[in-house]
Amino acid sequence: MQGIHRLHKSCNPHPVFYTPHNMNHPFLTLATLTALCMANCHKMQAQNALSRAAHQAEYNVEANITASNGDAPFWLTANRYGVTSTQGSNGYLRASLIRNAQTDSTHKWRIGYGADLTVGYNQESTLFVQQLYADFQYKLVNLTVGAKQEPMAFKNAELSTGSQTLGINAHPVPAIRFSLPQYWNISGKGNWAAIRGHISYGLLTDGGFQQSYIGNHTAAHYAKNVLLHTKAGYLRLGNAQKFPIVFEGGIEMATQFGGTSYNTLTWNGVNPEPIKMKHGVKDFVNALFGTGSDGTDGNGYANAAGNTLGSWMARLTWHGADWSLSTYYDHFFEDHSQMFLQYGWLDGMVGIEATLPKNRFVDHIVYEFVKTTYQSGPIYHDHTPEIEDQISGQDNYYNHNMYAGWQHWGQALGNPLFVSPLYNHTADLTFTSNRFRAHHIGFSGNPTETLHYRLLYTHQRSLGTYSLPFDHARTLNSFMAEVGYAPQRIGKLHTKGWQVKAAFALDRGSLLQNNTGFQFSLSKTGLLTH
């Protein structure tokens with residue numbers, strides 16, 4: 001049948017034939033027909049993804065209560081996405097409906113979503129929308145719209161102290177986020193090299209909280225309607241199925257910009273007049289590339305716009321048959337002096353993680369050492385016509401003169417060892433303890449199929465900050481033991497999806513109060529739709 005073109009049958013289960021005589025347009029070619037078919041195919045796949053989105057949605061309901069004799073102990077609040085409060089007695093009821101887009105992993109188009117609400121007692125907000133988002137995935141590309149709890153890179157979320165830039169310690173920020181959440185192979189069939197990463201723009205939601213928390217304390221600065229830009233890129237070298245050693249490395253960066261700053265710290269002291277920061281297209285570009293300048297930089301001392309920070313990260317893993325051993329590094333920076341090698345990388349986190357062969361005692365072990373005492377040195381001096389030397393010390397990690405530092409709702413957005421301002425009990429959101437050394441160790445295991453535990457212990461020695469050092473070094477020893485029990489059946493009663501957790505924790509030392517507390521939770525998880 002000369003002149004007959006058959007469309008690709010994957011687009012339509014019923015083959016359709018066209019001849020030059022029945023085409024509506026004389027210039028319609030085979031390439032045009034193929035393009036139309038593929039467009040129709042993608043449309044059908046997207047529609048199918050939408051119809052599948054009603055299936056395999058998982059619900060979770062949880063009740064949690066914390067009781068302490070002082071503040072809530074450190075490890076009962078840290079690295080829980082800001083859900084638990086630092087108040088000594090607090091609790092919440094939580095309900096969520098989550099559909100993971102990877103449920104449709106065999107399809108090109110995938111849709112996921114989540115709604116997660118908490119009603120709290122002695123929390124920073126009585127009613128809080130913890131998560132509310134939609135995921136739209138095509139092959140390896142993901143678009144997230146809304147507030148979603150994103151995982152850390154290169155670290156054990158259960159046992160690590162957390163990432164220094166993009167951690168899991170504070171409430172998630174609503175944002176528009178483009179990402180490659182899984183590694184994309186860039187090296188052909190060997191799969192020896194792969195990349196992943198993300199770029200996002202969002203809005204911090206704690207402006208009203210900051211204003212209320214500061215109150216009439218005019219010496220403390222805060223900001224409202226602040227925008228947040230984050231980005232990350234990671235490279236993986238190696239294939240564990242062909243060679244046991246795998247390297248992963250990359251960079252994480254974040255910039256707070258825009259919004260309105262109140263009680264701003266300037267070269268001439270506190271400015272009582274609100275300073276409205278720009279948020280035009282150019283400012284979004286400046287946040288992306290770390291360029292621009294703020295009105296508080298001073299004449300002739302232009303710096304990057306907003307509050308920019310980040311981390312260089314690396315992880316090296318040896319994979320055994322049923323075990324693995326990893327070492328990783330997280331180097332934090334606030335500006336170019338620590339971003340590059342100008343002053344030497346004397347601060348950072350060094351960690352070791354071991355995954356043991358299956359046994360009834362210990363599954364994972366993590367050790368971390370964190371040092372932040374250097375911060376480019378104790379002296380800062382901008383170059384002038386008289387003195388051309390530039391000395392870029394006193395980085396003051398997590399703090400900023402316009403914004404309330406690297407925090408969200410009073411808790412550090414990065415690593416909680418930069419003790420969150422909520423623990424200070426002052427009308428100020430400044431991080432007062434950012435120069436410290438810390439040793440940390442964590443264990444976890446599964447003695448039975450229904451029982452899981454973890455143990456955490458951290459020793460920290462803090463010097464305060466360069467501008468406000470402590471009279472004497474302050475120490476903190478924090479311990480937590482947590483046990484989770486998730487039986488499938490108790491007697492004749494089916495208990496699948498139920499879990500009860502109990503935790504005991506304490507803080508001892510001069511950095512925080514001597515806190516001792518317990519935490520209990522009861523939760524139920526299951527499929528709402530099949």
Side-chain angles (χ1 to χ4, degrees), residues 154-155 160-167 169 249-256 265 290 301 303-304 307-315 327-352 367-383 387 389-401 403 405-407 412-421 424 430-440 458-478 509-511:
F154 303 170
K155 298 182 182 70
S160 171
T161 61
S163 291
Q164 295 188 88
T165 298
L166 304 179
N169 187 61
I251 188 172
E252 297 180 345
M253 293 188 68
T255 300
Q256 293 168 299
L265 304 180
Y301 300 105
N303 202 346
N307 178 27
T308 297
L309 46 88
S311 290
W312 289 103
M313 303 172 67
R315 182 181 177 104
T327 182
Y328 51 91
Y329 180 64
D330 184 335
H331 171 72
F332 181 76
F333 57 84
E334 284 270 8
D335 55 29
H336 289 85
S337 62
Q338 282 294 300
M339 182 177 184
F340 300 108
L341 298 175
Q342 178 182 0
Y343 283 78
W345 288 5
L346 301 183
D347 287 339
M349 170 196 289
V350 178
I352 299 173
Y367 166 77
E368 292 177 346
F369 171 68
V370 186
K371 176 182 176 295
T372 67
T373 55
Y374 180 53
Q375 302 193 26
S376 300
I379 300 173
Y380 179 86
H381 186 275
D382 270 312
H383 63 84
I387 303 177
D389 293 331
Q390 171 81 26
I391 305 175
S392 300
Q394 295 192 18
D395 284 349
N396 203 8
Y397 294 167
Y398 280 33
N399 287 318
H400 197 260
N401 67 306
Y403 302 111
W406 191 231
Q407 64 82 46
L413 276 162
N415 192 298
L417 294 180
F418 293 86
V419 176
S420 296
N424 294 335
T430 300
F431 288 86
T432 60
S433 173
N434 62 17
R435 297 183 62 231
F436 62 86
R437 294 171 182 256
H439 295 271
H440 168 81
T458 308
H459 171 75
Q460 181 177 356
R461 185 176 184 271
S462 178
L463 303 177
T465 67
Y466 272 129
S467 59
L468 291 172
F470 296 146
D471 293 335
H472 302 282
R474 299 182 185 179
T475 60
L476 173 64
N477 294 280
S478 296
S510 52
L511 184 58

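Note that the numbering runs from 1 along the sequence shown for the chain.
Using a 4.5 Å heavy-atom cutoff, the side chains of Ser433 and Phe418 are not in contact. Side-chain contact between Thr373 and Arg437 is present, with heavy atoms from C-beta onward closer than 4.5 Å.
With rounding to the nearest 0.5 angstrom, the OH atom of Tyr374 is 9.0 Å from the CG atom of Asp395. For the atom pair OG1 (Thr372) and CE (Met349), the distance works out to 10.5 Å, reported to the nearest 0.5 Å. Distance check: Phe333 CZ to Leu309 CG gives 8.0 Å after rounding to the nearest 0.5 Å. Interatomic distance, OH of Tyr328 versus NZ of Lys155, reported as 7.0 Å (0.5 Å rounding).
Closest approach of Trp406 to Ala254, counting heavy atoms only: CH2-CB, 3.3 Å. The two residues His439 and Phe369 have their closest heavy-atom pair at CE1-CD1, 3.4 Å. Taking all atoms of both residues into account, the shortest heavy-atom contact from Phe154 to Arg315 is O-NH1, 2.6 Å. Residues Trp312 and Met339 approach most closely at NE1-O, 2.7 Å, considering heavy atoms. The two residues His331 and Asp347 have their closest heavy-atom pair at ND1-O, 2.9 Å. For the pair Tyr397 and Gln375, the tightest heavy-atom approach, listed with the atom from each and the gap, is N-OE1, 3.1 Å.
Gln164 places no side-chain N or O within 3.5 Å of a backbone atom of Gly348 that could act as its donor or acceptor partner. A side-chain donor-acceptor contact under 3.5 Å links Thr165 to the backbone of Ser311. Of the possible donor and acceptor atoms, one in the side chain of Gln460 sits under 3.5 Å from a partner among the backbone N and O of Leu417. No donor-acceptor distance shorter than 3.5 angstrom exists from the side chain of Thr308 to the backbone of Thr255, with no hydrogens or angles considered. Between the side chain of Ser510 and the backbone N or O of Thr475, at least one donor-acceptor pair lies under 3.5 Å.
Between Ser160 and Glu368, the side chains place a donor N or O and an acceptor N or O closer than 3.5 Å (distance only, hydrogens not considered).
For Tyr398 and Phe332, the distance between ring centers is under 6.0 angstrom.
Scored by the side-chain hydrogen bond (donor to acceptor under 3.5 Å, both in side chains) test, Thr327 finds no partners at all (sequence neighbours excluded). Listed by chain and number, the residues in a side-chain contact (heavy atoms from CB on, under 4.5 Å) with Pro416 are Phe74, Ala78, Asn79, Asn169 (sequence neighbours excluded). The side-chain hydrogen bond (donor to acceptor under 3.5 Å, both in side chains) test applied to His400 returns no partner, not counting sequence neighbours. The salt bridge (Lys or Arg N to Asp or Glu O under 4.0 Å) check on Arg474 picks up nothing, with sequence neighbours excluded. For Asn415, the side-chain hydrogen bond (donor to acceptor under 3.5 Å, both in side chains) partners at least two apart in sequence or on another chain are Thr161. Evaluation of the side-chain hydrogen bond (donor to acceptor under 3.5 Å, both in side chains) rule for Glu334 yields no partner, not counting sequence neighbours.
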Worked verdict on Ser163 versus Asp330 for side-chain contact (heavy atoms from CB on, under 4.5 Å)
CA-CA 7 Å; Ser163 291; Asp330 184 335; 4.2 Å; yes

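With Asn396 as the partner, the side-chain hydrogen bond (donor to acceptor under 3.5 Å, both in side chains) test is satisfied by one option alone out of Asn401, Asn434, Thr465, Thr430: Asn434.
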